[in-house]
Amino acid sequence: LPHLQQFQSLFILSPTGEVLIERHFRGVTSRTVCDIFWSRASESLNHHGGVSTASTAIMGSNPFPLYDSINPIMELPDVNDHDGGGTNGRDPSSGGTIYLFSALRDGLSYLAACTSPIGNGLEIPPLLIIEFLHRIADTFVLYFGDPADESAVKDNFSTAYQLLEEMVDYGWPLTTEPNALTDLIRPPTVMAKIHQAMTGGSSGIVSEALPTGTVSNMPWRKAGVQHNHNEIYIDIVEEIDAIVSGDGSLLTSDVMGSIQAQSNLSGVPDLILTFNDASLIDDCSFHPCVRYSRFERDKVVSFVPPDGPFELMRYRVQMSGAGGSHLPIGNMPIQVIPRISYGRFGLDGDKVGSNSDIGGRISLTVTARSISSLIYSASRKGPLVIEDVAVVIPFPKFVKTANLNVTLGQVIYDEAGKIAKWVIGKLDEKQRPQLNGTMILEDGSELGSSKGQSTAASSSDGEQPPLLVTWKILLASVSGLNVNGLSVTGEHYKPYKGVRNITKSGTFQIRCH
């Protein structure tokens, strides 16, 4: 593709905007682009232009609310054009443009810069760069563990740079398959780190042997794979993105599904995966190991799997109803009812006149609902249990601090980031956990002159942000998609096969007004 431009530079920023990794492939891009990006991104991150360590731990790998006001592609002036031609060799008056691609994973901002002369426009596929940034983050998780956050990258700087050297060739993605990378760059171990510290070299990281996958027609799989126990596990994971009103009414929803696999199979097995009803899925995308023509013809997934964990495919759950007019899911399995108010309160907590204290009150109730639109697996027994339940509560700008109490689980409040996280854990139908608390407002806030407003809408930048709820239910699905059969050919053994359905939250927001 000689007519397409490669990306020029790659930056990885910490949750506070610090440049952790900087790598240039085709000339040098000024760090000014990172400053511009962070100044825009941090406007909605919190109210101090950055983020604290506590709020990073609270939010974890969830991007909310960092990217609610910034596009994944930013168009910036090429500052190198004003340095007498810079490294690009162009006339400073040409006024080139830098397209900055961004992706947020585990609190880190992955940035790729692509330059373009004036009038030429963007000559690189945007989705290619965005997908590649996520592939880098996935590779870091594979090597450094989950989450691959700031501390993980700082502890493995040498490995991170070596991975970028192998994954990118002169601005083009090159080697991205995990099996090929692990042959080239050894995953970090304690002994390797000790050896590197003593010798000062990277011989314990870089392999001298050429990976076998690079010379075969299956670069995603190693040659000569052997396992004592041959087994493959498949998870059908469906994530619900939804916006729910404060009274529990569903406003909008979308369901994306993925099939995650863990393959520990010897030799070169050839697998065929069949579904109970392939018409339930739409907009499919596949791992390179899948024979797409076979799926188009027979609606079966035929593939030679990589060794280890991988994502086999992604899909979208079709809208229900005639012509796809209804939402994919009607009744949610979990309900969160928020009651948040700001104003003047007396000693008994009731709103009174102008001589009372200015503050806020918050009350949340979380319940599990067995009557929902989910389809449960036949192997599921017992009452409904929702796992990993947590509620993230961002507070408006005018809130100074909050005092929160819960009847179940624990709540953590970060005063710098003005974010609270209520971790409930497991939730069943008999439990009705509640969160109650009070807020103290900043001195001189606009609410102070509103004399008893019931919401935070009196300040243009102080509306109560939506709550974010995370949860997971095992052996349940939205679409009812299930594996009808999984056959293995090309090898003589009979592997153990395990399949399960998982329904979990994606971006699951609760509006407070």
Side-chain angles (χ1 to χ4, degrees), residues 60-62 64 146 233-244 248-262 275-277 280-281 309 311-320 326-338 364-392 406 408-410 421-435 466-483 498-510:
S61 60
N62 204 312
F64 178 85
D146 191 9
Y233 299 94
I234 292 179
D235 287 342
I236 303 177
V237 183
E238 294 182 346
E239 296 188 3
I240 301 176
D241 296 333
I243 299 178
V244 183
S249 302
L250 180 63
L251 302 178
T252 183
S253 70
D254 191 24
V255 182
M256 295 295 297
S258 66
I259 297 182
Q260 308 291 335
Q262 170 74 42
F275 300 109
N276 59 337
D277 187 0
L280 295 172
I281 59 180
E311 183 178 84
L312 180 63
M313 63 178 290
R314 295 190 68 86
Y315 62 90
R316 182 187 300 273
V317 176
Q318 287 191 350
M319 304 285 276
S320 61
H326 299 163
L327 296 175
I329 182 171
N331 298 322
M332 293 294 174
I334 189 171
Q335 186 177 49
V336 180
I337 303 298
L364 300 181
T365 303
V366 183
T367 55
R369 303 166 62 185
S370 60
I371 302 176
S372 67
S373 300
L374 297 184
I375 301 174
Y376 298 99
S377 303
S379 58
R380 178 180 174 271
K381 299 179 180 179
L384 171 66
V385 177
I386 306 177
E387 300 182 2
D388 301 337
V389 179
V391 182
V392 175
V406 295
L408 180 65
Q410 59 178 350
K421 184 174 184 179
W422 177 19
V423 179
I424 299 174
K426 290 187 177 181
L427 178 67
D428 58 36
E429 298 177 82
K430 298 180 180 179
Q431 298 170 310
R432 294 178 61 88
Q434 290 185 333
L435 177 145
L467 312 181
L468 187 72
V469 185
T470 58
W471 49 270
K472 179 177 69 176
I473 302 177
L474 300 178
L475 305 179
S477 69
V478 177
S479 64
L481 183 70
N482 211 334
V483 173
V499 179
R500 66 175 179 176
N501 293 84
I502 299 175
T503 298
K504 59 187 296 187
S505 59
T507 303
F508 197 92
Q509 296 185 7
I510 308 294

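All of these numbers come straight from a predicted model, not from anything done at the bench.
The side-chain contact (heavy atoms from CB on, under 4.5 Å) with Asn501 is formed by just one residue from the set Ser377, Ser379, Ser479; it is Ser377. Screening Asp277, Ile375, Asn276 against Leu481 for a side-chain contact (heavy atoms from CB on, under 4.5 Å) leaves a single residue, Asn276. Of the candidates Val317, Val478, Ile334, Ile240 forms a side-chain contact (heavy atoms from CB on, under 4.5 Å) with just one, namely Val478.
Here the closest heavy-atom approach between residue Arg314 and residue Ser258 is recorded as NH1-CB, 3.7 Å. When all heavy atoms are compared, the tightest approach of Ser370 to Glu429 is OG-OE1, 2.7 Å. Closest approach of Leu408 to Trp422, counting heavy atoms only: O-NE1, 2.8 Å. Across all non-hydrogen atoms, the minimal contact from Thr252 to Leu250 is O-CD1, 3.5 Å. Residue Gly506 comes nearest to Glu239 through the heavy atom pair CA-OE1, 4.1 Å, listed as atom of the first residue, atom of the second, then distance. In plain terms, the two heavy atoms of Lys426 and Gln431 that are nearest each other are O-OE1, 3.6 Å.
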Kindly indicate, with the supporting measurements, whether the criterion side chain to side chain contact (heavy atoms under 4.5 Å, CB included) is fulfilled by Ile424 and Val406. CA-CA 9 Å; Ile424 299 174; Val406 295; over 6 Å; no
Go through Phe275 and Ile259 one step at a time and tell me if the side chain to side chain contact (heavy atoms under 4.5 Å, CB included) criterion holds. CA-CA 12 Å; Phe275 300 109; Ile259 297 182; 3.6 Å; yes
Given the rule in the side chain to side chain contact (heavy atoms under 4.5 Å, CB included) test, do Gln260 and Ile502 qualify, once you have shown the distances and angles that lead to the verdict? CA-CA 11 Å; Gln260 308 291 335; Ile502 299 175; over 6 Å; no
Tell me, with the steps shown, if Arg316 and Asp254 meet side chain to side chain contact (heavy atoms under 4.5 Å, CB included). CA-CA 8 Å; Arg316 182 187 300 273; Asp254 191 24; 2.4 Å; yes
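Taking a 6.0 Å sphere around CZ of Arg380, one finds it holds more than 12 heavy atoms contributed by other residues, nucleotides or ligands.
Atom NZ of Lys421 is separated from atom CG of Leu468 by 9.5 Å, given to the nearest 0.5 angstrom. Remark: Ile510 CD1 to Leu251 CG distance equals 9.5 Å, nearest 0.5 Å. Distance check: Glu238 CD to Ile473 CD1 gives 12.0 Å after rounding to the nearest 0.5 Å. The CD1 atom of Ile234 sits 7.0 Å away from atom CG of Leu312, with the distance rounded to the nearest 0.5 Å. One finds the CD atom of Gln434 at 4.0 Å from the OG1 atom of Thr365 (value rounded to the nearest 0.5 Å). To the nearest 0.5 angstrom, Leu435 atom CG is 10.0 Å from Leu467 atom CG.
When atom types are taken as modelled, the side chain of Ser505 and the backbone of Trp471 share a donor-acceptor pair closer than 3.5 angstrom. No side-chain donor-acceptor contact under 3.5 Å links Asp235 to the backbone of Val237. Under a 3.5 Å cut-off, the side chain of Asp388 and the backbone N or O of Lys472 do not form any donor-acceptor pair. In this structure, Ser373 contributes its side chain and Asn331 its backbone to a donor-acceptor pair below 3.5 Å.
Taking 4.5 Å as the limit, some side-chain heavy atom of Leu374 sits within range of a side-chain heavy atom of Pro333. Leu427 places none of its side-chain heavy atoms less than 4.5 Å from the side chain of Val385. At least one side-chain heavy atom of Leu384 sits less than 4.5 Å from a side-chain heavy atom of Tyr376. Within the 4.5 Å cutoff, the side chain of Lys430 has no heavy atoms near those of the Pro383 side chain.
Between the side chains of Gln509 and Thr507, no donor-acceptor pair is found at a separation under 3.5 Å.
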